[in-house]
Amino acid sequence: MAYRVAIGNKSPRRLTPGKSLALWLCFLFGALYFVQGIAEPTEGLIAQPLRSLQSQWGKSTGQIASFAAIIAIPWTIKPVFGLLIDFVPLFGLGKRGYLMLSAGVTSVVFIALFAMRSDLQSSAWLLPLLVASTGAVAMGDVAVDALMVQYGQPLGLTGKLQSVQWSCIYAASFVAGPLGGELCQQELHAYAFLMAGILAGCSLVLVWLWRFPAIVARENNGVAVADSGIVIDTRPPKFSLRVTLVFLMLWSFNPFSSVVQYSYMKDYLSFDERFIGITTSAFAGGAFIASIAYGLYCRRVAFDQLLRLSVLTGVGATLAYLAMSDKTSAIIVSIAAGAAYMTGTLIQLDLAARACPPKIAGTVFSSLMAASNFSIQISTYVGGWIFSELSEIWLSVNVFRSLVLLGAATSSLCWLLIKRISIASKP
């Protein structure tokens, strides 16, 4: 049977992958991911100002890493958000309602933190509010992914939408890096909260104005066919979900975290806050290029080869930091590491999407991502603790290099799992 689409109160009409709807979907999801890239507390615009403030308050690298791991906890409960979004309509608005709730909470929290700027160090509300904002961003992320699958599959746009989304999130990082560094340099840390809050408010208005078309799918013998000729197989996926879970968690477990990089660049290489922000922007630039490129070649390469590429790029993205010794090498390494890391990440996302049972893709996909994020958080804590403890008795440069090698070693273990994942004969 065919897919149909009804927009607003209009009568249902046959869906064709028209350029107008495709462009609007790319714009909407791209805009939402751009805001997420700015507003996400652990890696967005406020990340460096928050670390800088804590450093000024006398916190150690281990304490800063622990704080970052705590505020990232909501990313580990994404399956809860997935269940709510898939099965519990919010005020009759469905997924759109959760997007509006996410944007509203994020905006209110960040504006409140800006209002508290002179009392942040002593306030007991700093940590709870940051956890709440991360939860709101994570919930919005799950809702966007669910909508991307819902609209992307019948339109044949899933690859393009993923490419647009991740290009936009790294475009946001490209902006947030130098802007965050400049705010730290000028001692205007709190204005990062205000900017993130305003952008989240803008995304609330965008979602409120948007009217999502309702897509109705009917299945016939396990296969849903759109009038455009797109075939969507609804039979069980050909990938082992269990092995996929282990693969994603192992690839993500890397004690060489951004917190360790920040401490090493600031304390050992003596980079100022402004330049550290520029390296973040350079990393995002490399990731941006990789995001666009992946959409061009991902369907032309056998997926088992892509999995091998993901392991190689994961290892390479970590080992690249052994070459960082001054400002010039830091920029080059950041660009190369960003491109390599994002290539591996997109392949991981592709694997997760292929392993999801179609009927509960939103919940399963968020569960896989939550497990991956949990692995990142644990490794962030472990890496920060190792760096803090060993730096007391060993040269920081040696500890840094040891963590680089340890991170590369854990990523390389994924190679052993590739043959255990059942791969389709064609990409």
_Residue pairs fulfilling ring pair (Phe, Tyr, Trp, His ring centres under 6.0 Å) with at least one residue in residues 66-85, sequence neighbours excluded_ = none

_Among residues at least two apart in sequence or on other chains, which ones pass ring pair (Phe, Tyr, Trp, His ring centres under 6.0 Å) with Y98?_
none

*Taking only residues at least two apart or on different chains, which pairs with a member in residues 188-203 satisfy salt bridge (charged side-chain N to carboxylate O under 4.0 Å, His left out)?*
none

*Report the residues that fulfil side-chain contact (heavy atoms from CB on, under 4.5 Å) with V105, sequence neighbours left out, ordered by chain and then residue number.*
L101, V109, A136

*Could you list the residues that satisfy side chain to side chain donor-acceptor pair (under 3.5 Å) with S123, not counting sequence neighbours?*
none

*asked:* Suppose the criterion is salt bridge (charged side-chain N to carboxylate O under 4.0 Å, His left out): which pairs have a residue in residues 108-120, not counting sequence neighbours?
replied: none

*Taking ring pair (Phe, Tyr, Trp, His ring centres under 6.0 Å) as the test, write out the residues that go with F275, two or more places apart.*
F271

Identify each donor-acceptor pair in which a side-chain atom of residues 283-290 lies under 3.5 Å from a protein atom, sequence neighbours left out, and give them as a table.
none

_Could you work out, with ring pair (Phe, Tyr, Trp, His ring centres under 6.0 Å) as the rule, every residue matching F193, not counting sequence neighbours?_
none

*Could you name each residue pair satisfying side chain to side chain donor-acceptor pair (under 3.5 Å) that touches residues 270-291, not counting sequence neighbours?*
Q48-E273, S52-E273, E182-R274, Y262-E273

_F256: partners by ring pair (Phe, Tyr, Trp, His ring centres under 6.0 Å), with sequence neighbours left out_ = Y321, F400

*Which pairs, with at least one residue in residues 128-144 and sequence neighbours excluded, count as a salt bridge (charged side-chain N to carboxylate O under 4.0 Å, His left out)?*
K78-D141

